[in-house]
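Reading through the structure tokens given below for one structure.
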Protein chains: 2
Amino acid sequence: MAERLYLYDTTLRDGQQTQGVQFSVAEKQKIAAALDDLGLDYIEGGWPGANPTDSAFFEEAKPTRATMTAFGMTKRAGRSAENDDVLAGVLNARTPAVCLVGKTHDFHVTAALGIGLEENVENISASVAHCVAQGREALFDAEHFFDGYAANPDYALECLVAARDAGARWIVLCDTNGGTLPDRIAQVIREVIAAGIPGERLGIHTHNDTETAVAGSLAAVEAGARQIQGTLNGLGERCGNANLISLLPTLLLKEPYASAYETGVSADALSRVTQVSRMLDDVLNRVPLKQLPYVGASAFAHKAGLHASAILKDPSTYEHVEPSLVGNQRFIPMSNQAGQSNLRRRLMEAGIEVAPGDPALARILERVKERENEGYAYDTAQASFEILAREELGRAADFFEVKRYRVTVERRKNKYDKMVTLSEAVVVVKVDGEKKLSVSESMDETGSDRGPVNALSKALAKDLGPYQEIIEDMRLVDFKVRITQGGTEAVTRVIIDSADGQGRRWSTVGVSPNIVDASFEALLDAVRWKLARDVGSAAKAAE
Amino acid sequence: MAERLYLYDTTLRDGQQTQGVQFSVAEKQKIAAALDDLGLDYIEGGWPGANPTDSAFFEEAKPTRATMTAFGMTKRAGRSAENDDVLAGVLNARTPAVCLVGKTHDFHVTAALGIGLEENVENISASVAHCVAQGREALFDAEHFFDGYAANPDYALECLVAARDAGARWIVLCDTNGGTLPDRIAQVIREVIAAGIPGERLGIHTHNDTETAVAGSLAAVEAGARQIQGTLNGLGERCGNANLISLLPTLLLKEPYASAYETGVSADALSRVTQVSRMLDDVLNRVPLKQLPYVGASAFAHKAGLHASAILKDPSTYEHVEPSLVGNQRFIPMSNQAGQSNLRRRLMEAGIEVAPGDPALARILERVKERENEGYAYDTAQASFEILAREELGRAADFFEVKRYRVTVERRKNKYDKMVTLSEAVVVVKVDGEKKLSVSESMDETGSDRGPVNALSKALAKDLGPYQEIIEDMRLVDFKVRITQGGTEAVTRVIIDSADGQGRRWSTVGVSPNIVDASFEALLDAVRWKLARDVGSAAKAAE
């Protein structure tokens, strides 16, 4: 009989402590929806009252299957739990669960808080009891527990007992500084359980300061803890938290965990874990790390010649799990048979039928490889990939030709002596033999400058003659920029998401050392894709 | 009495299996010198005979304190060790040690090699014996050992015994597919030792496919193995190998390892580990990962307000080791979660003294918060933060004023009928009452367009009158763009890294819906920061 193991995500709270990370409310909502879809048990949404974004997130939070949890701290000394405004702010978020962090290390109580040891125990007890009395599921995050237990085990345990007796559903042992190694974590947890805190109420919260956060979480489970706290992609303060994206596949697919435990994550949800990991990078505008366990683009890449040939005989020779179980793909050098059949499948999905062995397949693979070396990324920009493939297959239609463009960005004083910025774009195209000059500026309806790419986009889509009607319902919905090489030789990659009135959404890519030119290339592909779909290359050929 | 633990680096061999990594001979030499300087025991330089670079590296290898090791594989079936040309190629590198990989998993022997089980044992035995007879220290890498031991423990052990009896100094248990978890590694090693392979002759070679390669290495040592194989920054096939950069500080600084074991790495060498990690990224032209354990720029960064205030009282409250021991630095970033004490500390580090309780502190925090809501990010862009603080403190100097600028990006046919892109920027500044117009274009020395930001940067830094000399040695070294809100209302955040001839490097930020304008703002801050540092606001005020 498998035991239930609970998964608690703190991407939205501890993950936000990552240097350079500051989620907007909309981003938090997007991440929360993905976490809920994965089947995690708890989503820690933030600290209501600590900053406007976290407060707004809880106000606007959608219902979740997961238990939405507000984070806060135990009440301060010298006031009752009822009269602590910080605690009230947390409870006001009206989440079914509340997680309060409190001290358990005597040194921190006296040195950081500057209060008496018994006063701190009293704060834990009263705060947890107050949450429980309000009908909330209470969790207690025992900050610095492992350091505290090493320094003064009796006191550290006294704090846990206070939380337990006040009714905390979970007592989470936090290795706040990330300095405790897995064997020590396991040993301490066994001792804590022996001291009367049941494993079914114990959680583990590790940090990656020694690169062992995942192993520390696994060690805690083996020692008896039944809740793991972690974050997507191991986001978090300093070196990050335990990476749930790595832990989920291990817990679901590998022994002894797969047989011994049951989680809320289904096999179907697990097959979306790669996608969730990349979604977070997308939100953060980070290039996904190729070497990430399970979900990285290199996780199932077989570069060594010996390995690649054995893989062709039997994938289990060099893979510890099947990549599709985590939504990832095997990657073998492009030149071989496997590369071509993958490509055919991808083209078929885009409605482009190609016979097996068509020599264009090898040419497409070759061009994708070349262009990816230059900085293009066709895994995201499916629409640009389709255009490239159509070109190699001789199935692209030239609806129009861009002769030239010019964009100007100017910043100067206006007539009211105020500094203003304005962009203007001129695009010259040839459509059905006719030359058309279009000019647009970057001002939106509120009079604000939206920048040179906006002006270019408008000018390009202003007059395409007979095709104008088809692109009327297109709009630019997202714009991402990445510098693909550091330093002055940087190349800019722009990915543009477009949408239309039929509810379609597609992505295109442009690459250039010149950011405006990279954007223009992506804009152009977006228009070409829409025309290829809606005019149809067959109709065009029949003209 | 501490036991000797041996460290074996395979950055130059297994590290080179990383997707996208291909070292030149000069790069291999540079890395080998750094490894030797660290005090590692073995440097695996590559596979002589397998490719021209590896062969050339061994031919030109400089003498090292570390034992230089050539990698190869056990002889093939059907010929003697003396007559195996691949093995001869390895021995011809004339290294003091030779490491041969061989099969120990019965399935691989029959399925991948297609030979008999006893034939494989014979190959191991004869190959190792041949190396020993040639006066080399022999190492045997037992490929897929953990999978092999699970499938057929007797056979896997028989292979190890063959290597041991043939005189291998080290028998290295390789978790080639990276699927074995730390507890299982420890258990198997205990069984292998019990079966008669002494721990003093056992090594461990793990991969990071479950994010536990470091923990797996530590578990192996606790179970009795005395050699760890790994790579710098965890480079290696798929998800990488065990990261020696994380392992070294743990082994030298943390218990139970620090007291129980002795390595060839001195405390002085350990203080260069951050530098070595960044050197490798430099060779690979990668941006160093901030979250890397011990050596990342965020490893000792304290973002949370509660943490930062405790750090000010005593760094040990939130740090498990002292950052200088690994050559890293503590960092307290500015962010909307920071308090006044954090702020004063940060300003002090920037050479800006402020009395406690100065009302400007509250104003600075308020402005940082406001601007972070608009999309600015001051935890990365410290130089822009300093400029903002100086303004609020009334200690900013207005060296010059920008009156206006204009940038044009144009794409058209040149006289050879080829499409070319060119950017041109005009910047008008007022310096010491004098108006100066500067114009620059984006062409670099090779005739390539580097884009509008490059042109703007050059025009801005072209003529600043009396200050021109001070900014002459400035250069733009990195440029990052992020869209901080999705959709058409997107705001662009640009972060620019600049460097100068004094080896300083600083980051500035600009935010605008217009990407060119955001870039200009960041460029402007970069120049202003340099002037504030080098002209000095005091000198300016004294004028």
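The sequence lines fix the lettering, A, B, ..., with proteins before strands; numbering per chain opens at 1. Heavy atoms only: backbone and side chains are in, while hydrogens, waters and symmetry mates are out.
For chain A, the option among B:E211, B:K413, B:E222, B:K403 with the highest count of heavy-atom pairs below 4.5 Å is B:E211. When each of A:V214, A:V481, A:V407 is scored by its heavy-atom pairs under 4.5 Å with chain B, the top score falls to A:V407. For the set B:L456, B:T180, B:V409, the entry with the most heavy-atom pairs within less than 4.5 Å of chain A is B:V409. Ranked by heavy-atom pairs shorter than 4.5 Å toward chain B, the options A:T18, A:D497, A:L113 are led by A:T18. Counting heavy-atom pairs closer than 4.5 Å to chain A, the top residue among B:C239, B:A219, B:A215, B:G234 is B:C239. Of the residues considered (A:D183, A:V321, A:L292), A:D183 shows the highest number of contacts with chain B, using heavy-atom pairs under 4.5 Å. The choice from A:G179, A:P182, A:A297, A:A425 that makes the most heavy-atom pairs within less than 4.5 Å of chain B is A:G179. Taking chain B as the reference chain and counting heavy-atom pairs below 4.5 Å, the highest number among A:M419, A:R411, A:E424, A:H105 is found for A:R411.
Looking at A:T250, only its side chain comes within 4.5 Å of chain B, counting heavy atoms on both sides. With a 4.5 Å cut-off on non-hydrogen atoms, B:F146 does not touch chain A at all. Contact annotation for A:A111: only backbone heavy atoms (N, CA, C, O) come within less than 4.5 Å of a heavy atom of chain B. Heavy-atom distances place the side chain of A:H144, and not its backbone, under 4.5 Å from chain B. The contact between A:Y257 and chain B is made entirely by side chain atoms (from C-beta outward), counting heavy-atom distances below 4.5 Å. If you measure heavy-atom distances from B:A50 to chain A, you find no contacts under 4.5 Å at all. Using a 4.5 Å cut-off between heavy atoms, B:V402 contacts chain A through its backbone alone, with no side-chain atom that close. Within the 4.5 angstrom heavy-atom criterion, only side-chain atoms of B:L181, from C-beta onward, approach chain A. B:L218 touches chain A through its side chain: at least one heavy atom from C-beta onward sits under 4.5 Å away, while N, CA, C and O do not. No part of A:A213 comes within reach of chain B, as not one of its non-hydrogen atoms sits under 4.5 angstrom from that chain. Neither the backbone nor the side chain of B:F520 comes within less than 4.5 Å of any heavy atom of chain A.
Between B:P452 and A:V516 the shortest side-chain heavy-atom distance falls below 4.5 Å. In this structure, the side chains of A:P513 and B:D449 stay at 4.5 Å or more apart for every pair of heavy atoms. Between B:Y376 and A:Q22 there is no side-chain heavy-atom pair separated by less than 4.5 Å.
For the atom pair A:Q19 CD and B:F331 CZ, the distance stands at 5.0 Å (nearest 0.5 Å). The NZ atom of B:K254 sits 11.5 Å away from the CZ atom of A:R184 when rounded to the nearest 0.5 Å. Taken to the nearest 0.5 Å, the NE2 atom of A:H320 stands 12.5 Å off from the OG1 atom of B:T176. In this structure, CG on B:D517 lies 11.0 Å from CG on A:L422, to the nearest 0.5 angstrom. If you take OG1 on B:T210 and CG on A:L247, they are separated by 9.5 Å, rounding to the nearest 0.5 Å. With rounding to the nearest 0.5 angstrom, the CZ atom of A:F300 is 7.0 Å from the CG atom of B:D209.
Taking each heavy atom of B:P293 and A:N208 in turn, the nearest pair found is CG-O, 3.3 Å. Between A:R238 and B:Y318 the shortest heavy-atom distance is NH1-O, 4.3 Å.
B:N514 and A:S442 share no donor-acceptor pair across their side chains, judged by distance under 3.5 Å alone.
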